[in-house]
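Here's the structure we're looking at; comments come further down.
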Amino acid sequence: MHVTGTVPPPAPAPQDTPDGTPDGTGRRTRRFGLPVATALVMGNIIGGGIFLLPASIAPYGTISLLAFGVLTVGAIALALVFGRLAERDPRTGGPYVYAREAFGDFAGFLAAWAYWITTWVSNAALAVAAVGYLDVLIPVGEHRWTACLAALVVQWLPALANYAGTRYVGAVQVVSTVLKLVPLLLVAVGGLFFFDAGNLGPFRAGGESALGAVSAAAAILLFSYLGVESAAVSAGEVRDPRRTVGRATVIGTAGAAVVYLLGTLAVFGTVAHDRLVESGAPFSDAVNGMFGGAWGGWAVALAALVSMTGCLNGWTLLSAQTSYAAAKDGLFPAPLARKRRGVPTVGVGVTVLLASLLTVYNYASGTARVFETLVLVTTFTATVPYLLATAAQLYHLVSGQRDRVDRARLVRDLAVASVAAAFSLWLIAGAGYQAVYQGALFLFAGVLVHAVMAARRQRTATGTAGR
């Protein structure tokens, strides 16, 4: 059943067959199991953000920890919504698939377009952040174009791993997730033994109201929580997706939240507030304060590089999968639907090229403010597919379609979806006027692309009918 004006959901793509065997080839695509799917979620959530997070929210005071708690609840609600949607429709594409199936082509396009923008802009942000930690190990930050070249290398290495196939993407994701969790957990747990409440600083450090401070901190924090939808977006490459996607999403999100909360609390309690506000490497400062010496900076810098490389690896795949799913349905240009070894090769190339151009622009502009604005834009653009996916879940629950609704869980699912919807709207408000303004321009540019693609589909359909 579909609402008036929508179209039936597209047939699953060849690589999305239940047994993993592409139609007509006889070859079997390597599928992700629960461990790899969970690692994909955790690896994409825990990227570079955790290493910069405490200093980013310190100006708001310890009230930002409250924002952490609210954000975690919202992220878990979104994880549960994605899990339930994946049970209903386990195809590659995540929010795009859910929005299009419920509301039609235009909603699906907006979800895919907004999410696609979020992924490649986030890749550029992670690469530039990675250079800051690379500079601790190898001096590359003294010259602008040396740093730019390093950022480009950091982006292209994960892209090459993607070209090797989903088998290698999964291997890189598991290894990078394990390697980065070890030092992070050491700081998070070890820091509690050196915790000094005198380092926490004021509860509300800025001039905002309590609600304003929590909302502003949450808008920054969301960038570090992006990735909750990772398993849902790659559902076509997951074994038994109806069962695995939901479990991996909840486990991965909860695990990342624990690491975030403990890590941030440990840094807050081991680094003096006035120093933390100015810190460019808060975890390094925390380790140096705990154990003395400067070796902590090296260890954390290495962990940060591993973390960001793994995150770029996963986000490159997610960006390509999103454009692939839309291209299969004729909403994005057809070349983006090409796959090899389970990976959308053209999509990977477009993703890394756009992120590289944005990186070069950032260094050429010579200012960090432009790039910070773009990072906040990703907060806005990410909430668009989140809100559309949540709206799709509410649509299925309220429409009374018995074949789509589990009556025994109706009340619980409605409560969770309502929390996720309110959470998404709150984040849009917290992103700020400038971010919403810039993000709206990105979205309206997408409307023009949709108009061209829709016209081409109509012309093709008319030509076929006239034969």
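The shown structure was predicted, so the numbers you read here are calculated from the model rather than taken from an experiment.
- Thr118 is linked by a side chain to side chain donor-acceptor pair (under 3.5 Å) to Thr381, counting only residues two or more places apart in sequence or in another chain.
- In terms of the side chain to side chain contact (heavy atoms under 4.5 Å, CB included) criterion, residue partners of Leu394 (sequence neighbours excluded) are, by chain and number, Leu414, Ala417, Ser418, Ala421.
- Going from atom CD of Gln321 over to atom OG1 of Thr119 covers 11.5 Å, rounded to the nearest 0.5 Å.
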If you apply the rule side-chain contact (heavy atoms from CB on, under 4.5 Å), what do you find for Trp120 with Leu353, and how did you get there? CA-CA 9 Å; Trp120 60 262; Leu353 178 61; over 6 Å; no
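- When all heavy atoms of Tyr324 and Pro344 are compared, the closest pair comes out as CB-CG, 3.7 Å.
- Residues satisfying the ring-ring contact (aromatic ring centres under 6.0 Å, His included) test with Phe109, not counting sequence neighbours, are Trp113, Phe332, His450.
- Distance check, rounded to the nearest 0.5 Å: CD1 of Ile428 to OG1 of Thr383 gives 3.5 Å.
- Using a 4.5 Å heavy-atom threshold, the side chains of Phe380 and Leu443 count as touching.
- Residue pairs meeting the side chain to side chain donor-acceptor pair (under 3.5 Å) criterion with at least one partner in residues 420-429, sequence neighbours excluded, are Ser215-Trp426.
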List the atom pairs, donor and acceptor, that lie under 3.5 Å between side-chain atoms in residues 147-157 and the rest of the protein, sequence neighbours left out.
| unit_1 | atom_1 | unit_2 | atom_2 | d |
| --- | --- | --- | --- | --- |
| Gln155 | OE1 | Ser356 | N | 3.3 |
| Gln155 | NE2 | Thr359 | OG1 | 2.6 |
| Trp156 | NE1 | Ser356 | OG | 3.1 |

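- In this structure, the separation between CZ on Arg412 and CZ on Arg84 is 7.5 Å, given to the nearest 0.5 Å.
- Just one residue in the list Leu71, Val416, Val228, Thr253 forms a side chain to side chain contact (heavy atoms under 4.5 Å, CB included) with Ile76, and that residue is Thr253.
- Using a 30° and 60° split on the angle between ring planes, Tyr98 and Phe82 fall in the tilted class, from 30° to 60°.
- The nearest pair of heavy atoms linking Ala327 to Pro333 is CB-O, 3.4 Å.
- Within the model, atoms CG of Leu110 and CZ of Phe444 stand 9.5 Å from one another, a figure rounded to the nearest 0.5 Å.
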Show your working on side-chain contact (heavy atoms from CB on, under 4.5 Å) between Val384 and Phe442 and close with a plain yes or no. CA-CA 12 Å; Val384 174; Phe442 275 110; over 6 Å; no
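- Remark: Val258 engages Leu262 in a side chain to side chain contact (heavy atoms under 4.5 Å, CB included) (not counting sequence neighbours).
- When the side chain to side chain contact (heavy atoms under 4.5 Å, CB included) test is applied to Val245, the partners found at least two apart in sequence or on another chain are Ala86, Ala231, Ala232, Ala235, Val238, Pro241, Thr249.
- Note that CD of Glu87 is 10.5 Å distant from OG1 of Thr244, once rounded to the nearest 0.5 Å.
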Intermediate values then yes/no, ring-ring contact (aromatic ring centres under 6.0 Å, His included), Tyr395 and Phe103: CA-CA 9 Å; Tyr395 162 71; Phe103 308 121; 5.7 Å; yes
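- With sequence neighbours excluded, the residues forming a side chain to side chain donor-acceptor pair (under 3.5 Å) with Thr351 are Ser319, listed by chain and number.
- Applying the side chain to side chain donor-acceptor pair (under 3.5 Å) rule to Thr316 yields the partners Asn123; only residues at least two apart in sequence or on another chain are considered.
- In plain terms, the two heavy atoms of Ala114 and Pro385 that are nearest each other are CB-CD, 3.8 Å.
- For the atom pair CG of Leu336 and CG of Leu331, the computed distance is 11.5 Å after rounding to the nearest 0.5 Å.
- Taking each heavy atom of Ala107 and Leu388 in turn, the nearest pair found is O-CD1, 3.6 Å.
- Judged as a side chain to side chain contact (heavy atoms under 4.5 Å, CB included), and not counting sequence neighbours, the contacts of Ala420 are Ala77, Leu78, Val81, Thr390.
- In this structure, the side chain to side chain donor-acceptor pair (under 3.5 Å) partners of Thr72, at least two apart in sequence or on a different chain, are Tyr225.
- Residue Ala102 comes nearest to His396 through the heavy atom pair CB-NE2, 4.3 Å, listed as atom of the first residue, atom of the second, then distance.
- You'll find the side chain of Trp145 reaches within 4.5 Å of the side chain of Val360, heavy atoms only.
- Side-chain atoms of Asn162 come within 3.5 Å of backbone atoms of Pro158 as a donor-acceptor pair (strictly under, hydrogens ignored).
- Residues Ala320 and Ser323 come closest through the heavy atom pair O-OG, 3.0 Å.
- The salt bridge (charged side-chain N to carboxylate O under 4.0 Å, His left out) search around Arg457 returns Asp105, not counting sequence neighbours.
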